[in-house]
Undergrad: 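Before we start, here is the structure in question, set down as structure tokens.
It should be emphasised that the depicted structure is a prediction, and the values quoted were computed from it without experimental measurement.
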Amino acid sequence: MATPSTATTISGLALRLVRDNLLSTGDAERIQSEASTHKVPFVTQLVESKKLDSATVAKVASDEFGVPLFDVGALDLETAPVKFVSEKIITRHHVLPLYKRGARLFVAIADPTNIQALDEVKFHTGLGTEPILVEEAKLSQAIEKVMEASDTSLADLAGDNGLENLEILADEDDRKTGTDEDGINDTPIVRFVNKVLMDAINRGASDIHIEPYEKTYRVRYRQDGVLHEAATPPLALAGRIGARLKILSKLDIAERRVPQDGRIKMRISRNRAIDFRVSTLPTLYGEKIVLRILDPTSATIGVDKLGFEEHHKAAFMDAIHRPQGMVLVTGPTGSGKTVTLYTALNILNTDDRNISTAEDPVEINMGGINQVNINEKANLTFASALRAFLRQDPDIIMVGEIRDLETAEIGIKAAQTGHLVLSTLHTNDAPATLTRLANMGVAPFNIASSVHLIIAQRLARRLCESCKKPVDIPQPALLKAGFKKEEVGDVQLYAPVGCDACSDGYKGRVGIYQVMPVSEATGQIIMRGGNQLDIEKQAEKEGVFDLRVAALHKARQGVTSLEEVERMTNL
């Protein structure tokens, strides 16, 4: 038995083996030193030294630390979620992800005291880790088999050789801006930032939030409209991670006192590149960085996948194929307005049309369309861009947002003089859009004669088809939610459950739309100075239902849940 004085240089499993007289103190110290030199786990070096076999070591570890011993040979390794952990971490720490349950990753490990390995897996995946004890020899065989059989999902997505070959497109001058002291060329930081960007794409996130606090630093992804924590890197890395992102975004890394805006273009395969719109904001404990993921493929999803009902789709297609007039899309930030407008532009983008857009900023690049990025510092405003468009023989004009009277009047003038104008406004619903234009100072006659269609929209989370379950809701609750008496008898609603294929029971989003053509009767109400309530009553007479009714219809179809309806349309 080793005395305390002889055991002070060894710890963990090595100390237990010495106390059980299975290993001498000298051998334990030597093997620990060799493991440190070779940068391999202690158990790996111990088994390679042939002082003890892996079965004996595993039994001692199981008894000492109360971790059950698992036979990895009984598991189908083809289902192992290796996509969550890089090959480098698996081989360096001798660990292997076995399965994932919710936000927890169960990891095979031969030495349960190897906290560093578990912490690194947690850091790189953003998931909680649970150790599963496996014999060293069997774990080595399993790792070798998995590494030979598959690559990580990130490598698959890159269509190349993984994170090392990701191409961040930047000017040569931008690449020379940073220094090693800034952490810009620090390989671990580069790999971490690349992984954050790629994981966000892989998970279908729309935004990445990187946030410093007094004692913590976290990364969150917005998936299906809801934020989820993805990683908690050490707070000490905040400056280096922020500097790396600012260099990629062509921002001033020395300026931390004022907000900055930039852009990153990442090429993830030969035929696919993703843009990130980057915004920095000085906060109490450092710079918060938010990246909006701008995927050009979102503009080509097709009108059938937006979520329109058939009569909505017919009204939308009729309005965008008119030679002149204005189509307005309204809703809060992140409600999918840009995708709806670009879906229309994608349909209209033919060789015989001249299409120009003014946006702040341009979010989706599309060939065949003249896109202008608004720059108010250079006096390139929506109004000045619109004036220039009208001098360039346009057929279709898209204005990112109508923010003031000048822009509204130029847009309406264009709609009245033989041009189709598409734009957005920030209002709660379609009737409010007409009164908002009037309140901005646009003449009622011009509104009535130029605006042909208004679409108010929201994005609701779509229930996962693999795990959603039927749910019985009392009739009073259904009536209170907005269902009609004649509907509650045979309505079948569904609730989220959650599985490996989704996020909290939801997967993807679907549009909720209020589509209101501006009829002659509605035009008369506008011209005689009618208010929003008058327009709502007329729209209801014409069969235009509000966002709440549209959302309930999606719930009745089993597309979303009643909880999601309440969350999105509790106006």
Undergrad: What are the two closest non-hydrogen atoms of N349 and I355, and how far apart are they?
TA: CA-CD1, 3.7 Å
Undergrad: Apply the test side chain to side chain donor-acceptor pair (under 3.5 Å) to residues N446 and Q416: give CA-CA distance (whole Å), side-chain angles for both, the deciding distance (0.1 Å), then the verdict.
TA: CA-CA 8 Å; N446 286 334; Q416 292 173 329; 3.0 Å; yes
Undergrad: What's the verdict on side chain to side chain donor-acceptor pair (under 3.5 Å) for Q457 and T340, showing C-alpha distance, side-chain angles and the deciding distance?
TA: CA-CA 9 Å; Q457 69 179 79; T340 299; 2.8 Å; yes
Undergrad: With a 4.5 Å heavy-atom cut-off, do T357 and Y342 have their side chains touching?
TA: yes
Undergrad: Main chain of E566, side chain of T569: is a donor-acceptor contact present, judged purely on distance under 3.5 Å?
TA: no
Undergrad: Whether R403 and D360 form a salt bridge (side-chain N of Lys/Arg under 4.0 Å from carboxylate O of Asp/Glu) is what I want to check.
TA: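 So D360 pairs with R403 through a salt bridge.
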Undergrad: Consider only side-chain N and O atoms of S356 and Q392, and report whether a donor and an acceptor are under 3.5 Å apart.
TA: no
Undergrad: Judged by atom type as modelled, is there a donor-acceptor pair below 3.5 Å linking the side chain of S249 to the main-chain atoms of L245?
TA: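 The answer is yes, because a donor-acceptor pair under 3.5 Å joins these two groups.
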Undergrad: In Å, rounded to the nearest 0.5 Å, how long is the span from CG of N531 to CD1 of I525?
TA: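 These two atoms lie 9.0 Å from each other.
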Undergrad: Does L235 reach the side chain of Y285, with side-chain heavy atoms less than 4.5 Å apart?
TA: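 They are not in contact (no side-chain heavy atoms under 4.5 Å apart), so the answer is no.
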Undergrad: Given the rule in the ring pair (Phe, Tyr, Trp, His ring centres under 6.0 Å) test, do H312 and F545 qualify, once you have shown the distances and angles that lead to the verdict?
TA: CA-CA 11 Å; H312 289 162; F545 45 77; 5.3 Å; yes
Undergrad: Salt bridge check, E540 against K537: does any charged N sit closer than 4.0 Å to a carboxylate O?
TA: no
Undergrad: Indicate yes or no: at least one non-hydrogen side-chain atom of L248 is less than 4.5 angstrom from one of F276.
TA: no
Undergrad: Let me confirm one number: the CZ-CZ distance from F483 to R556, rounded to the nearest 0.5 Å.
TA: 6.0 Å
Undergrad: Just wondering, do I369 and M398 contact through their side chains at under 4.5 Å, heavy atoms?
TA: no
